[in-house]
Amino acid sequence: MAEETTKKTGSTILRVRRLISLMNENHLSELELEEQDFRIRLVKSVAVPQFRTVPALDIQLPEHSGGTTAKPSEDAAAKAKDEANGFVPIKSPIVGTFYRAPAPDAKVYIQNGSHVEAETVVCIVEAMKVMNELKAECRGTITKICVENGQTVEYGQVLFLVKPD
Amino acid sequence: MFSRILIANRGEIALRVIRTCRRLGIGTVAVYSEADKDSLPLKYADKSICIGPPQPSKSYLNIPNIISAAVVCDVDAIHPGYGFLAENPHFADICRRCQIDFIGPSAEAMKLLGNKAAARELALKLGVPIVPGSSSVLEEDKKALEVAKEIGYPVMIKAAAGGGGRGMRMARNDASLLQFLAAARREAETSFGDPSVYIEKYISRARHIEVQILCDEHGNVIHLGERDCTIQRRHQKLLEESPSIVITDSIRRDLCADAIRLMKAANYTNAGTVEFLYDLDEERYYFIEVNTRIQVEHPVTELRSGLDIVEQQIRIASGEPLVFRQEDIVLSGHAIECRINAEDPISNFAPSPGRITLHSAPMSPDVRVDTHIFSGYTIPTNYDSLLAKLVVHADTREEAVACMRSALDEYIIEGVKTTIPFFKTVMDNANFLSGDYDTNYIDANFHL
């Protein structure tokens, strides 16, 4: 009797594990399954960014240095390859959080393949509730988006690669 | 207690703070400029964030980027080290407005004591002796001439917003006073953003003696004894020792008591140092300024007291009361620190940048080395030339000197010129050994 219960528990656990894998593979946050003798609801807890309440301070920001020759902090080999291809990096001039769109439900500023001019806004880097719009400051086509939405970025971090016109 | 601290500095002091945080189980975030991307503090910190290009104004003085890094890394507090933003009341204020603790005094205390003229006025009010001179900032040159006549030449013109030996000029007569006042005001405006100047009598045979103070946020103020930092070149300290062997116990008691009174009156909190000049001829001391930060030479006091001043700073800032009273403080033995710089003493201390091909520090129970350099490290050219602080501690001054002599012999730094040979000479210099020196020591004993 005990052995049978153990076996049943074991197979249930295996099933749950499989469902969890399924969720992760397909980027699901919630899954509900109902079968004849089995019903389960799995909810993935998503870390909610805890924003501390900071006053929006009027602080002067340094100029965007998107065209500097300073080295970004990334794999040297990949960087060399990008340079060999003639790709121009768009780098962050400030420390903050990278966003691809002006608001969570708004359209992203640019996609892979978008054409940009010097004045084209490519993204937002938010620093202490101040939404700083970054401009491309070069002409060309976006070939790579190097960071993820919501990622922390530092000074000099490569955000996009541009194939110049 | 804080769970995570951001260190807004670089080099040896950044490493120093990170080490104490690690011992206390506090998480660390290091910020760095592109010139410091291969530096040692980054390897020891839990996280590091690049905040700008090599220029200090765009990186280590870049308040928006530093605060942003602190916010995205969710730190509880910022330790500013020394230099850079450590004595910037605006920065201290911004930290606190962003709900980040600033490990140092309040912006108000910093503003009050950071203005040298205001600090002098406070000392005067309290009856703490000050160097004879103008009672406050000089609005008119006419006043300057009057004061100079009263106190006698030579006089020192000092910038109210200056400090750390910067923004000072000596005038020997009326003509040069008037000439230098204009230049001093211009320089003060450029360097410190404030052209205010004041004058003090120049003391020809002086010792620079400072008192280390700790104040918690519950009204407890104690001192950790004095340091003698007389050996300076162009007003920059090169060697510091504790205790000072020229002052009597009675003077020491009064000095420390006055330092405490001053800090209490200013509502100071956290670590700070009160600096005095001791007139060897008149055998009396005068208050000159307060440094509202941790000092470069703090290891000298740590070795004698057994305390970790960085730890005390962190505990004080997190609201803990001091766990010891003045009578619990025991200062033992004698400590000496030599600041090893990347400078060539033979070429008038010309900076000697480059790559350190070999770094081998002395290892001995009586030796402490605070450094961020290592074999293969390239010294960035954008910052100061301090390579390492070599500190020794022994029962007596004679033994401490012998330890330092030995430590200097063992210390190998190749690839750049350093001031190690200079300190070896000091350790054999009769005037240093007898303790008979004043602030003109280097000019008097070394033909450079």
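Sequence lines set the chain letters: A, B, ... in the order given, protein chains first and strands last, and positions in each chain run from 1. Computed from heavy atoms alone, side chains included, the values below leave out hydrogens, waters and symmetry copies. As the structure is a computational prediction, the values presented were derived from the model and not from experiment.
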Item to check | ring-ring contact (aromatic ring centres under 6.0 Å, His included) contacts in which one or both residues fall within residues 103-125 of chain A, not counting sequence neighbours | outcome: none
Item to check | B:F192 atom CZ, neighbour heavy-atom count above 12 within 6.0 Å | outcome: yes
Checklist outcome for this item: The residue among B:S33, B:C50, B:S68 that forms side-chain contact (heavy atoms from CB on, under 4.5 Å) with A:Y155 is B:C50
Checklist entry - At their closest point, which heavy atom of A:M128 faces which heavy atom of B:V71, and how far apart are they? => result CG-CG2, 4.0 Å
Checklist entry - Does a sphere of radius 6.0 Å around CD in A:E148 hold more than 12 heavy atoms from other residues, nucleotides or ligands, not counting ones at 6.0 Å or beyond? => result no
Item to check | Non-neighbouring partners of A:F98 that pass ring pair (Phe, Tyr, Trp, His ring centres under 6.0 Å), sequence neighbours left out | outcome: A:F160
Item to check | B:S48 versus chain A, the contacting section by heavy-atom distance below 4.5 Å | outcome: backbone
Checklist entry - Nearest heavy-atom pair of B:V72 and A:T152: which atoms, and what distance? => result CG2-CG2, 3.5 Å
